[in-house]
Amino acid sequence: MTINIVILGSGGAIPTLTRNLPSVAVQCDGRVFLFDCGEGTQTQMVRAKLALSKIEGIYISHLHGDHVMGLPGLLMTMGQIPRERALYIYGPPGISDFVEGNRRFLGHQCPFPVIIAESKGGLVSEDDSVFIESVPAEHSCFTLAFSFQERERPGLFMVEEARRLGVPPGPLYGRLQAGESVTLPDKRVVEPRQVLGPARRGRKIVYATDTRPCDQVASLAREADILIHDGMFSDDLRSQARQKHHSTVVQAARIARRAKVGSLVLTHISSRYMQDGPLAAEARKIFPASRIARDLMEINVPMYK
């Protein structure tokens with residue numbers, strides 16, 4: 001199962017010609033999971049060649065305009081696309097009123113079901129392959145940070161061991177890989193554990209913006225493959241970051257180091273910064289596997305072997 005991240009908007013508060021407002025798409029198994037929906041998200045999806053029809057769920061961190069004002073337009077456009085399955089929207093308390101209020105005032109009704117769920121933290125959604133959890137972050141209004149996690153996968157199939165046990169190549173291999181026991185022609189039963197290596201943990205992506213550095217995000221991000229974290233300011237503006245309830249790139253790097261993540265992607269970059277280099281250098285002094293998000297940046301999350 002391929003998992004790709006596309007940064008649709010890497011700016012914060014004020015859009016610029018190079019940074020749209022916050023939104024991140026996670027492509028997984030032919031579906032798109034959208035985190036935040038700032039103004040311009042749908043046109044960024046067109047530029048990234050992401051099909052609107054593939055959106056499975058939309059996860060809103062909080063109700064500040066730069067994170068949610070793209071949602072009404074996106075829903076209106078999606079209403080023009082053939083679709084029968086439900087669209088799920090998850091967010092903090094108030095997201096239902098926001099979506100329903102906009103639909104009412106705009107006179108727009110989607111021809112497919114739109115299911116809205118409000119969360120204060122915990123398991124948000126799940127299916128057979130992935131699950132999404134949230135925790136409260138620390139911002140000037142109630143805000144959620146999300147983790148996107150792939151479920152644990154079976155271990156690698158040991159072909160030589162299967163042969164030694166007398167399992168004939170073919171459909172029985174597939175059944176064993178799927179976790180089923182099989183009965184051989186001589187009536188012996190072979191269990192999956194006999195031919196599968198150790199289970200492989202699923203991949204994990206954490207999205208945390210806007211937020212101050214906080215314990216709950218560090219816990220959520222524990223051993224994540226990729227942490228996408230608020231890095232709105234350079235560290236010389238720590239007092240401003242505190243006042244505005246955001247993080248500096250150094251503070252975010254410390255969270256990444258503490259959580260032992262694979263890599264850190266800093267986003268929600270203030271419009272005052274025209275160059276990425278100085279910000280990246282600050283973060284890398286603390287956590288070398290840091291980078292600054294750019295609009296339409298694509299990140300593949302490799303599978304564990």
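Reckoned from all heavy atoms, side chains included, excluding hydrogens, waters and symmetry mates.
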Exercise. Relative to the ring of Tyr173, is the ring of Phe157 parallel (under 30°), tilted (30 to 60°) or perpendicular (over 60°)?
Worked result: tilted
Problem set entry | Tyr207/Phe146 aromatic ring centres below 6.0 Å | no
For this session: For Gln42 and Gly73, indicate whether the former's side chain and the latter's backbone hold a donor-acceptor pair under 3.5 Å.
Result: yes
Problem set entry | From His246 atom NE2 to Ile269 atom CD1, the distance as rounded to the nearest 0.5 Å |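 Rounded to the nearest 0.5 Å, the NE2-CD1 separation comes to 11.0 Å.
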Exercise. Does the separation of the ring centres of His139 and His64 fall below 6.0 angstrom?
Worked result: yes
Exercise. For the side chain of Asp235 and the backbone of Val250, is there at least one donor-acceptor N/O pair under 3.5 Å apart?
Worked result: no
Exercise. Between Lys244 and Asp230, is there a salt bridge with N-O shorter than 4.0 Å?
Worked result: no
For this session: Could you grab the distance from atom CD of Gln149 to atom OG of Ser129, nearest 0.5 Å is fine?
Result: 12.5 Å
For this session: Flag yes if more than 12 heavy atoms outside Glu39 fall under 6.0 Å of its CD atom; otherwise flag no.
Result: no
Exercise. If you measure from CE on Met232 to OH on Tyr273, what distance do you get to the nearest 0.5 Å?
Worked result: 9.0 Å
Exercise. What is the ring orientation for Tyr59 with Tyr90, classed by angle as parallel under 30°, tilted 30 to 60°, or perpendicular over 60°?
Worked result: parallel
For this session: Calculate, to the nearest 0.5 Å, the distance between atoms CG and CG belonging to Leu34 and Asp36 respectively.
Result: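 If I round to the nearest 0.5 Å, the distance is 8.0 Å.
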Problem set entry | Residues Asp295 and Ser10: side-chain donor-acceptor under 3.5 angstrom |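 There is such a pair (donor and acceptor under 3.5 Å, judged by atom type) between the side chains of Asp295 and Ser10.
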Problem set entry | Note: Glu223-Arg201 ion pair, threshold 4.0 Å (strictly below) | no
Exercise. Ring pair (Phe, Tyr, Trp, His ring centres under 6.0 Å) between His268 and His67: does it pass, once the steps are laid out?
Worked result: CA-CA 10 Å; His268 206 279; His67 291 254; 5.3 Å; yes
Problem set entry | Polar side chain donor-acceptor pair, Ser125 to Tyr88, under 3.5 angstrom | no
Problem set entry | Under 3.5 Å donor-acceptor, Glu118 side chain and Gly94 backbone | yes
Exercise. Quick one: are Arg151 and Arg153 in side-chain contact, heavy atoms under 4.5 Å?
Worked result: no
Seminar exercise, completed: To the nearest 0.5 Å, atom CD of Glu138 lies from atom CD of Gln216 at 4.5 Å
Exercise. Hey, what do you get for CD1 (Ile14) to CZ (Arg272), rounding to the nearest 0.5 Å?
Worked result: 9.0 Å
Exercise. Any ion pair linking Asp97 and Arg104 (charged N to carboxylate O, less than 4.0 Å)?
Worked result: no
For this session: Check the pair Leu227 / Ile255 against side-chain contact (heavy atoms from CB on, under 4.5 Å), numbers first and verdict last.
Result: CA-CA 9 Å; Leu227 169 60; Ile255 291 290; 4.1 Å; yes
Exercise. Which is it for Leu106 and Met76 under the side-chain contact (heavy atoms from CB on, under 4.5 Å) test, yes or no, and what are the steps along the way?
Worked result: CA-CA 9 Å; Leu106 294 172; Met76 292 184 72; 3.8 Å; yes
